[in-house]
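Written below as structure tokens is the structure these notes are about.
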Amino acid sequence: MSAEQQHRDGQAADPGPRSLAQALRERDDASLGALLRSRPDLLHPVPTDVTQLATRAGTRASVLRALEHLDRFALQAAEALAVAPDPASYQELLDLLAGDDGDEEVAGALPATVALLRERALVWGGEDRLRLVRTARELLAPSASHSSPTGLGPSVAEATSGMSPGRIQAILTAAGLPHTHDTVSAVAALSGLFADRERVAELLEGAPEASREVLTRLVWGPPYGQVTAEPAAHLRWLLDRGLLLPTTPGTVVLPREAALSLRGGRAHRVPEPTRPRVAVAAERKPQVVDAAAGGQALAALDTVEELLRSWDEGGPAVLRAGGLSIRDLKRTATVLEVPEPVAAFWVELAYAAGLIASDGGYVEEHHERHDRPDADAEGYEDEETRDARTRRRSGEAEHYAPTPEYDAWRDLPPAERWAWLLEAWLPGTRAPGLIGGRDGRDRTLSALGPGLDRSPAPEVRRRVLELMAGLEPGQAPDPATLLERLRWERPLRSAGPRREQPEPPRTGVRPAYGGGVAANDPEALRTKLTEWALLEAEMLGVTGRGALATHGRALLGAEGRSEGAGADTAAAGSARAAVVAALLAPLLPEPLDHVLLQADLTAVAPGPLVRPLAEALGVLADVESKGGATVYRFTPGSVRRALDAGRSATELHAFLDRHSRTPVPQPLTYLIDDVARRHGLLRVGAASSYVRCDDESVLDEILADRRATALRLRRLAPTVVAAQADPRTLIEGLRAMGFAPAAESAEGDVMIARPHAHRTPPRTPPAPVPDGPPAPDATLLTAAVRAVRAGDRAATAPRKETPQAPGGLPRTSPADTLATVQAAAMTGESVWIGHVNAEGAASQRLLAPLRVEGGYVTGYDHTADEVRTYALHRITGVAELADKPDGAEPAR
């Protein structure tokens with residue numbers, strides 16, 4: 001038995017419900033829960049009854065959101081219903097989608113699609129009376145100004161609504177139809193002619209070739225055209241026979257019935273009942289993919305750590321409008337040795353992970369206003385908050401800097417640090433690829449600045465990874481087919497007719513990261529988000545050589561398990577990070593505790609180094625090159641930097657001897673001893689500043705050097721020279737002359753120069769901007785369905801006629817109210833009460849009184865589905881039920 005026959009046999013013969021509310025009321029709890037799960041905007045707030053749920057499901061905003069979450073074939077079915085008669089039968093819908101020749105794929109996919117539209121409350125009615133909700137019909141049906149997304153225009157009846165009866169009769173005559181006695185029958189005759197394929201073909205046999213060409217251009221839309229006051233002969237032939245009907249002055253339209261006949265009965269040029277298949281571009285061994293992804297993950301950690309290390313003492317300033325300047329982004333890209341768009345991605349990733357922020361809180365206040373109060377209830381402000389406010393008032397520039405979370409992140413194992421970054425990337429709504437583009441007001445979008453949030457970004461990222469996970473391990477998808485699949489799953493609608501066959505992107509060309517996108521082009525944005533998701537996943541190490549790695553698949557598996565329970569919780573996120581980190585850890589090399597010293601004053605680190613060694617070596621030497629192995633070079637300046645940090649020559653020799661797998665080269669030993677011998681020979685202090693040296697000949701040499709003229713030196717004693725420059729300038733000037741001075745304190749001790757780590761106050765990472773309300777969990781769905789059912793039972797329960805107060809509330813005297821509720825409590829009956837709360841809001845409640853005492857009545861409120869207590873003086877009146885409703889038994 002075919003799927004179509006099964007669908008027809010499974011439908012009832014009766015006409016079905018008469019309204020959407022009745023259709024929802026006839027559903028079971030599981031079906032109502034499915035509706036609320038697929039359209040979570042209906043839950044905020046929870047509807048009081050089914051009628052309110054149906055009303056909310058028909059609002060424009062909710063229907064638009066529901067349509068945007070349909071796949072292409074479901075949207076095509078809804079578009080076909082919008083141009084079909086209202087109501088339409090299932091067979092009429094099938095004919096519009098499959099055409100006169102039929103289509104087995106359409107017939108097989110349509111039953112499930114109609115069930116989906118019914119589940120989401122976009123379609124209701126029985127087998128022979130399918131109705132599209134009114135708001136959806138208004139959105140998808142053609143109007144006088146634009147056509148339907150199918151490319152069809154208004155019907156004959158709609159297009160001739162303002163036409164004179166004489167003109168309609170003249171069209172009948174030209175079309176070869178007999179005159180009628182009224183306009184209604186004339187319009188019906190013309191509609192019947194255009195709906196008959198054979199008669200339309202006979203009519204067009206005598207048409208001029210130019211007339212048929214005009215119909216060919218209009219048949220698939222848009223169906224509107226412009227004509228002059230004196231149209232050409234081939235246009236006059238079409239106008240006389242009603243194949244073109246005027247809508248506004250100078251505008252004509254091809255009527256819907258005629259267009260469908262010329263199309264062979266199809267509402268769409270190409271129905272797409274089956275989802276496109278994601279093609280495989282390359283196939284590699286899973287071990288190769290995992291190894292490549294692990295190496296890229298390690299490189300990502302090194303890049304983020306290098307970024308944060310470069311900002312450790314305070315990063316670039318915050319622009320007045322928020323974000324980084326172009327100059328600072330270029331400097332950051334130079335430090336990271338990557339292109340500027342890629343540097344922007346790493347900056348945004350560190351920001352989303354909560355590792356960097358503004359030190360003054362000016363930019364972040366927009367995100368943290370409700371999460372991080374600046375003062376408690378007594379008006380107390382902590383020292384950091386007061387300092388930030390003082391700097392803002394004084395006009396001191398604010399800078400980006402690492403947050404305290406950076407120190408905690410840096411101490412984690414590499415795999416856990418990577419999982420931390422991934423947990424920020426996957427749900428983030430900020431799109432770094434937009435940086436450098438223009439917003440809707442033609443302003444440049446800057447890194448860390450406003451205007452980068454795009455709600456579809458996390459959905460696109462997750463769906464890209466899910467589609468990649470659907471392939472076999474080691475298979476890399478073809479980006480063009482991946483994009484086409486995403487377009488089928490989420491076809492974007494615009495004001496005009498939707499393109500049914502979007503052009504695929506060029507294959508064989510790797511897209512570049514960044515570049516921005518037009519602010520008013522949602523289709524281009526979705527394409528760019530897909531390309532950026534693929535590139536970002538590769539840069540982070542989620543994929544390797546274009547295929548999803550094992551830890552990436554585990555991420556999606558854990559994600560799916562957490563989604564089954566609803567919203568992602570902190571516990572679920574921690575469990576997901578632990579699973580991913582455990583799978584990634586074996587792919588990352590173990591940190592090394594040694595280097596290889598070479599005779600050319602370099603040291604080679606054949607892999608990642610343990611943190612103490614890496615930090616110490618970073619002070620003693622300069623990084624010359626990075627990659628699989630890092631090369632450090634020792635220079636006089638780098639050795640002096642280590643001596644300034646408090647290390648002695650003996651300690652440096654011992655450090656190198658302890659951590660080198662090769663003998664310490666003699667040139668390196670000489671370099672350290674030579675710099676150490678001269679280091680501290682000169683002492684610089686504050687006078688404005690002074691130079692002190694026990695060797696008078698050294699001071700003689702300095703005073704005789706012309707390069708010292710700018711320092712304005714003056715000898716105060718044989719071993720002391722004063723300078724009219726601050727100590728820092730004096731030290732830099734002496735070093736430029738080839739000396740190695742050391743700073744000293746007021747007590748004469750050598751001052752050790754240590755890097756000052758600048759941290760922001762505690763900061764909350766930027767919260768994603770969700771695309772609508774979050775998906776409800778099972779507990780919320782159960783409670784919501786129960787509340788809707790209870791409110792519906794209460795709203796539909798019959799009651800006896802009684803005097804009513806304004807607003808429809810029952811009205812009885814206080815004595816009658818007390819007597820009625822006391823009697824109901826004794827007999828176990830339920831009654832209607834009118835109640836006004838402390839805020840003055842009035843409502844009707846179906847109450848089963850249990851106890852009446854002390855001026856209060858306590859009972860089971862069927863409207864709220866719980867036991868409640870009401871003050872008797874706030875009850876406007878009581879009405880008895882005409883018949884006891886089902887389920888209205890008192891609580892026990």
Side-chain angles (χ1 to χ4, degrees), residues 14-66 86-87 117-126 129-138 773 776 780-802 804-810 830-837 841-847 860-866 868 876 879 881-888:
D14 61 83
R18 293 179 295 177
S19 66
L20 177 59
Q22 183 180 347
L24 296 180
R25 192 170 286 117
E26 293 174 357
R27 291 189 178 191
D28 56 19
D29 289 353
S31 180
L32 273 185
L35 167 63
L36 298 176
R37 183 183 297 107
S38 62
R39 298 176 64 177
D41 57 292
L42 302 179
L43 275 173
H44 300 278
V46 176
T48 57
D49 53 33
V50 174
T51 301
Q52 188 180 89
L53 174 63
T55 301
R56 193 177 298 171
T59 59
R60 181 181 179 87
S62 182
V63 170
L64 270 174
R65 183 176 297 277
D86 187 27
L117 295 175
R118 275 202 178 100
E119 176 190 293
R120 301 191 179 182
L122 294 172
V123 170
W124 57 277
R129 298 180 64 83
L130 292 177
R131 292 182 181 273
L132 191 66
V133 294
R134 184 179 61 183
T135 307
R137 178 174 288 274
E138 293 172 353
L780 177 58
L781 284 178
T782 302
V785 171
R786 186 179 178 185
V788 170
R789 292 291 191 200
D792 203 55
R793 287 195 301 268
T796 57
R799 60 186 177 187
K800 294 181 179 179
E801 294 295 330
T802 184
Q804 294 183 350
L809 300 181
S830 297
V831 293
W832 277 102
I833 66 171
H835 181 260
V836 179
N837 63 14
S843 62
Q844 299 183 61
R845 325 294 297 184
L846 181 58
L847 186 69
Y860 185 79
D861 188 341
H862 292 280
T863 309
D865 202 17
E866 63 182 8
R868 288 189 176 182
T876 63
L881 299 183
D883 296 297
K884 183 187 301 182
D886 294 338

To the nearest 0.5 angstrom, please state how far the CG atom of L53 sits from the CG atom of L20. 8.0 Å
Say you draw a straight line from CZ of R129 to CG of D86; how long is it, rounded to the nearest 0.5 Å? 8.5 Å
Report yes if the side chains of V788 and Q52 come closer than 4.5 Å at any heavy-atom pair, otherwise no. no
Run the side chain to side chain contact (heavy atoms under 4.5 Å, CB included) test against D41 and tell me which residues pass, sequence neighbours left out. R39, S62, R65, P773
Hey, could you give me the CH2/OG distance between W124 and S19, rounded to the nearest 0.5 Å? 6.0 Å
Could you check if a side-chain atom of W832 sits within less than 4.5 angstrom of a side-chain atom of L846, using non-hydrogen atoms only? yes
Do the side chains of V63 and L122 get nearer than 4.5 Å, heavy atoms only? yes
Here the pair of heavy atoms bringing V46 nearest to A787 is CG1-CB, 4.3 Å
Do you know which two heavy atoms are closest between P776 and L36, and how far apart they sit? CG-O, 4.0 Å
Looking at every non-hydrogen atom in both residues, tell me the closest pair between T51 and R25 and how far apart they are. OG1-NH2, 3.1 Å
Euclidean distance, R131 CZ relative to R18 CZ, rounded to 0.5 Å: 11.5 Å
Residues, nucleotides or ligands: over 12 heavy atoms within 6.0 Å of R786 CZ: no
Could you tell me the separation between the CG atom of L64 and the OG1 atom of T135, rounded to the nearest 0.5 Å? 9.0 Å
Compare every heavy atom of R118 with every heavy atom of G125, then report the nearest pair and how far apart it is. O-NH2, 2.8 Å
Any R27 side-chain heavy atom under 4.5 Å of L35 side chain: yes
R789 and salt bridge (Lys or Arg N to Asp or Glu O under 4.0 Å): which partner among D28, D29, D49? D29
Measure the spacing between CD of E26 and CG of L32 and express it to the nearest 0.5 Å. 11.5 Å
